[in-house]
Amino acid sequence: MNLASRGLRDLDQGPQAIEDPEELVAVRSRARAVHRRALAVAVLLTAAGMLLF
């Protein structure tokens, strides 16, 4: 996901730049969505842990 957020991808030959502008926008958008979802889950789990203990 770190590579995607920087506009790179790794196809087992090392990091390569994404050259298609439309694909780059889509990949970065998906990377942001994954990061937001991970943050939301972390906040919810932390809150649940604090309430239970």
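Count residues from 1 along the sequence.
Think of Leu39 as one node in a network of Ile, Leu, Val, Met, Phe, Trp and Tyr side chains linked at under 4.5 Å; its network also takes in Val43. Other residues sharing the hydrophobic cluster of Leu52, ordered by chain and number and joined by side-chain separations under 4.5 Å: Phe53. Under a 4.5 Å side-chain heavy-atom cut-off, the cluster of Ile, Leu, Val, Met, Phe, Trp and Tyr residues that includes Val41 is completed by Leu45.
Under the side-chain contact (heavy atoms from CB on, under 4.5 Å) criterion, Ala33 pairs with Arg30, Arg36, sequence neighbours left out.
With hydrogens and angles disregarded, a donor-acceptor distance shorter than 3.5 Å links the side chain of Thr46 to the backbone of Ala42.
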